[in-house]
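What follows is a short report on a single structure.
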Amino acid sequence: MKRKYAVIILILSMLFNSGCWNRVEPEEIALIMMVGFEQDEEGDGLKIFVQSANPPKVGSSEEGGSGSQGESTWTASATGRTVSEALNNLAKKSTRLIDLSHMGIVLFSEDLAREGIAPLMDFFDRERQSRLITQPMVVQGDLQRVMEADFVTEETAASALTRLHVVAREELAVSLEIPFRVILSRLSQPGWEIVVPRLREVEPQDGEPPPETPMEIDGLAVFKKDRMMGWLNSAETRGYNWIVGRITRPIYVFESPTGQGEEISVQIHQSSTRLEAVTRGEEMAVVVNAVVEGRIEETTSDKEFLSAQSELIDSMNRRLAQAVRNDIQAALKKSQKEFESDIFGFGNLIYRTRFQEWEKLEDRWDEIFPDLQVEVYVEADVRRSGLVKDPLIIR
């Protein structure tokens, strides 16, 4: 019996200790961190840019300190009729095997996005090395300059853009985390168009040195099907985030209820949004209910208006609600009247909650959406005043 168990253990150990038949050593791989695509101006295909870490340079320089972006990364480009062909042509320029498994950001040029990104999405959906958590962005400006940009505080442009995106969406609510897996899901669902974060160059002012951060993530690219229609600005992007329930911690600045041109800054610290498809007569409508809670970050007024007995608190809440409502209505106007693109998923809401009505509307949704009635209700409550209740009064 003991001999039988010994044989079984020996066989299992041989199986589990077997090596990898197709292993590739790390020093033979070029780990691609960022990829960019634009139209090939000299042909009918694509031009691909890749940025790879340069291991001998990352984290060190000749003086022993941190290396610059130019030293710590390797950037190359190639063209092809398809993404796969462009990658194969790119392999001719690399001494290492191209590996996309560490890719974090994919950039599309504006011209390519307006032409259509369906072929690219098909590649990333099929390719075994691509990660569906990768974040795409549309570049407003020169794609090559973005790929080769030098960030003073970061070793690579890829890591810099990742950090910029976190700040843009978490602190300012002027962007959105929408990876490939979400985009692929929405493209395959009825009544829901996609948006992609906007990345744009920061141009230096006349007579001033180049900015330390040469890029800015601000706004969204609006698509209809797989073609880009235009941009949402900062306020419209905040409005979009309010509607889809992805708002974070933006700060709203508006006129203080004390008047006299004084201003007050309120940061959103808690919020919720509820969407409901309803019938208004013979037409469908969507109701947007947003509940907002904020705290005072700053005021330029020296009036004591924060006590529970003050009638100005209600005025402050109304002003905050109106500021939020303005952003929401700006996003609705741009998407309905200019782009005619249902980026909020109102059609998908009707599909999920009122399927019988959706069957009647589906074929005409592109015609119905621009005139769809959307009712917006915002309830705001500034609950907190920071570490002090009343502003500083200088005697």
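Within the 4.5 Å cutoff, no side-chain heavy atoms of Val382 are placed close to those of Arg295. Using a 4.5 Å heavy-atom threshold, the side chains of Arg200 and Met215 count as separate.
In this structure, the side chain of Asp122 does not engage the main chain of Ala118 through any donor-acceptor pair within 3.5 Å. Listed for the Gln135 side chain is a donor-acceptor partner under 3.5 Å among the backbone atoms of Ile178. For Asp342 (side chain) and Gly347 (main-chain N/O), a donor-acceptor pair under 3.5 Å exists by modelled atom type. A donor-acceptor distance shorter than 3.5 angstrom exists from the side chain of Arg319 to the backbone of Glu255, with no hydrogens or angles considered. Thr134 contributes no side-chain N or O that, together with a main-chain N or O of Ser130, makes up a donor-acceptor pair within less than 3.5 Å. Glu85 places a side-chain N or O within 3.5 Å of a backbone atom of Arg81 that can act as its donor or acceptor partner. Using modelled atom types, one side-chain atom of Glu236 and one backbone atom of Asn233 make a donor-acceptor pair closer than 3.5 Å. Between the side chain of Gln51 and the main chain of Ala158, a donor-acceptor pair closer than 3.5 Å is present. Looking only at distances, a side-chain donor or acceptor of Asn348 sits under 3.5 Å from a matching main-chain atom of Pro190.
A ring pair (Phe, Tyr, Trp, His ring centres under 6.0 Å) check over residues 156-199, counting only residues at least two apart or in different chains, returns the pairs Phe124-Phe180. Sorted by first then second residue, the ring pair (Phe, Tyr, Trp, His ring centres under 6.0 Å) pairs that include residues 248-300, not counting sequence neighbours, number zero.
Within a 6.0 Å radius of CZ in Arg274, no more than 12 heavy atoms belonging to other residues, nucleotides or ligands are found. Under a cut-off of 6.0 angstrom, the local environment of CD in Glu379 is sparse, with at most 12 non-hydrogen atoms contributed by other residues, nucleotides or ligands.
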Which atom pairs, donor and acceptor, lie under 3.5 Å between side-chain atoms of residues 100-109 and protein residues at least two apart or in another chain?
| from | atom 1 | to | atom 2 | distance (Å) |
| --- | --- | --- | --- | --- |
| Ser101 | OG | Asp99 | OD1 | 2.3 |
| Ser109 | OG | Leu112 | N | 3.2 |

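Side-chain atoms of Ser185 and Gln189 form a donor-acceptor pair, as typed in the model, at a separation below 3.5 Å. Donor-acceptor pairing under 3.5 Å is lacking for the side chains of Gln267 and Arg249. A donor atom on one side chain and an acceptor atom on the other are not found under 3.5 Å apart for Ser159 and Thr162. Side-chain contact annotation: Gln39 with Glu41, donor-acceptor N/O pair under 3.5 Å absent. Between the side chains of Arg325 and Gln322, a donor-acceptor pair is found at a separation under 3.5 Å.
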Working note: Gln140 + Arg198, criterion side chain to side chain donor-acceptor pair (under 3.5 Å); need CA distance, chi angles, decisive distance, verdict. CA-CA 7 Å; Gln140 186 178 23; Arg198 172 174 64 176; 3.3 Å; yes
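In this structure, Tyr377 shares a hydrophobic cluster with Val278, Val287, the cluster being traced through Ile, Leu, Val, Met, Phe, Trp and Tyr side chains under 4.5 angstrom apart.
Between Glu340 and Pro370 the shortest heavy-atom distance is CG-CG, 3.7 Å. Here the closest non-hydrogen pair linking Leu372 and Ala285 is CD1-CA, 4.2 Å. Closest approach of Ser52 to Met33, counting heavy atoms only: C-CE, 3.8 Å.
Scanning for salt bridge (Lys or Arg N to Asp or Glu O under 4.0 Å) contacts around Arg354 gives Glu357, with sequence neighbours left out. For Ala173, the side-chain contact (heavy atoms from CB on, under 4.5 Å) partners at least two apart in sequence or on another chain are Arg238, Asn241, Ile247, Thr248, Pro250.
Using cut-offs of 30° and 60° on the angle between ring planes, the pair Phe369 and Trp365 is tilted.
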